[in-house]
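Structure, as structure tokens:
This one's a predicted model, so the numbers in the text were calculated from it and none came from an experiment. Just follow the structure's listing: the first ligand is 1, and inside any ligand the first atom is 1.
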Amino acid sequence: MSTESLRIVWVYPDLLSTYGDRGNALILARRAQQRGFPVEVLEVRSDQRLPASADIYLIGGGEDGPQALGAQRLITDGGLHRAVAQGSVVFGVCAGYQLLGVSFFAKGTRCAGLELLDISSDRGPSRAVGELAGDVDPRLGLPPLTGFENHGGRTHLGPGAAPLARVTAGVGNDGATEGAWRGKLLGTYSHGPALARNPALADLLLRWATGVHQLPPLDDTWSDRLRSERRAAVAAADRA
Ligand code: GLN
């Protein structure tokens with residue numbers, strides 16, 4: 001951790017905050033506080049400088065226009081690049097995932113990404129909307145991922161990025177893999193918000209940020225129940 005408290009930045013809530021992704025900041029803050037970490041959550045709008053000294057950066061989903069604008073401002077600002085160079089954790093969802101890559105499509109135009117993850121996104125044959133589930137890269141030691149996806153883009157991984165999960169329901173990157181990670185950067189197509197639906201993923205980000213490898217367990221009955229209900233619903237829909 002960079003300071004006495006765990007500093008979480010919610011990046012550009014005015015542009016990249018659709019589909020309830022702001023809940024990811026609430027979940028991280030709460031789970032950290034329950035383990036006794038003092039937490040500061042900063043909401044940094046797109047007309048403000050992005051501090052480079054935070055521990056975790058959260059970037060949410062967005063429509064094409066705000067996504068392109070957000071990427072341009074993050075490139076010009078440079079704060080996220082400095083933070084990553086210093087070892088900060090970055091969690092991007094959907095638009096916030098795509099813009100971490102080399103390039104993405106928005107409103108029919110190829111846009112430059114931040115080049116922090118070795119991925120690039122183009123457009124798929126149709127919009128991917130619905131439940132998304134996958135078996136997570138075993139190196140991350142997480143249970144299956146569940147979430148809700150809503151995107152037109154398809155994402156291709158280069159050799160520098162590993163898939164976050166193998167898809168068992170939905171589309172994710174391309175129908176085969178979902179999300180990507182490298183070092184302490186992780187991206188997913190999963191809304192929900194992702195960290196409410198996948199508390200073990202929230203704890204992975206907290207372990208990366210704090211360096212504490214054994215976090216005391218919390219009562220995750222409600223999210224476990226939601227996860228199993230959604231998995232059962234997806235399985236039933238597949239059988240129908
Ligand atoms: N605009 C992007 C796409 O459609 C991301 C959408 C989102 O963030 N939900 O692929």
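In this structure a side-chain-to-backbone donor-acceptor pair under 3.5 Å is missing from Asp21 to Gly60.
Nearest protein heavy-atom contact of atom 7 (C) of ligand 1 is Cys94 SG, 2.9 Å. Residue, atom and distance of the protein heavy atom nearest to atom 3 (C) of ligand 1 are Gly152 N, 3.4 Å.
The pair Arg35-Asp203 meets the salt-bridge criterion, with a side-chain N (NZ, NE, NH1 or NH2) lying under 4.0 Å from an Asp/Glu carboxylate O. A salt bridge links Arg197 to Glu131: at least one charged side-chain nitrogen sits closer than 4.0 Å to a carboxylate oxygen. Residues Asp14 and Arg73 are not paired through a salt bridge, judged by the lack of any N-O separation under 4.0 Å between the basic side chain and the carboxylate.
Checked against a 3.5 angstrom limit, the closest N/O atoms of Val93 and ligand 1 fall outside it. Where the criterion is an N or O separation shorter than 3.5 Å, residue side chain and backbone included, Thr18 fails it with respect to ligand 1. In terms of polar-atom proximity, defined here as any N/O pair under 3.5 Å, Gly62 does make such a contact with ligand 1.
Checked against the 6.0 Å centroid threshold, Tyr189 and Tyr97 count as a close aromatic pair.
Contact annotation: for Arg123 versus ligand 1, heavy atoms closer than 4.0 Å belong to the side chain alone. Under 4.0 angstrom from ligand 1, the non-hydrogen atoms of Asn150 all belong to its backbone. When heavy-atom distances to ligand 1 are checked against a 4.0 Å cut-off, Phe104 has no atom that comes that close, whether in backbone or side chain.
Residues Asp55 and Val89 have side chains not in contact (no heavy-atom distance under 4.5 Å, counting atoms from C-beta outward).
The residue from Gln67, Glu149, His151 that puts a heavy atom closest to atom 2 (C) of ligand 1 is Gln67.
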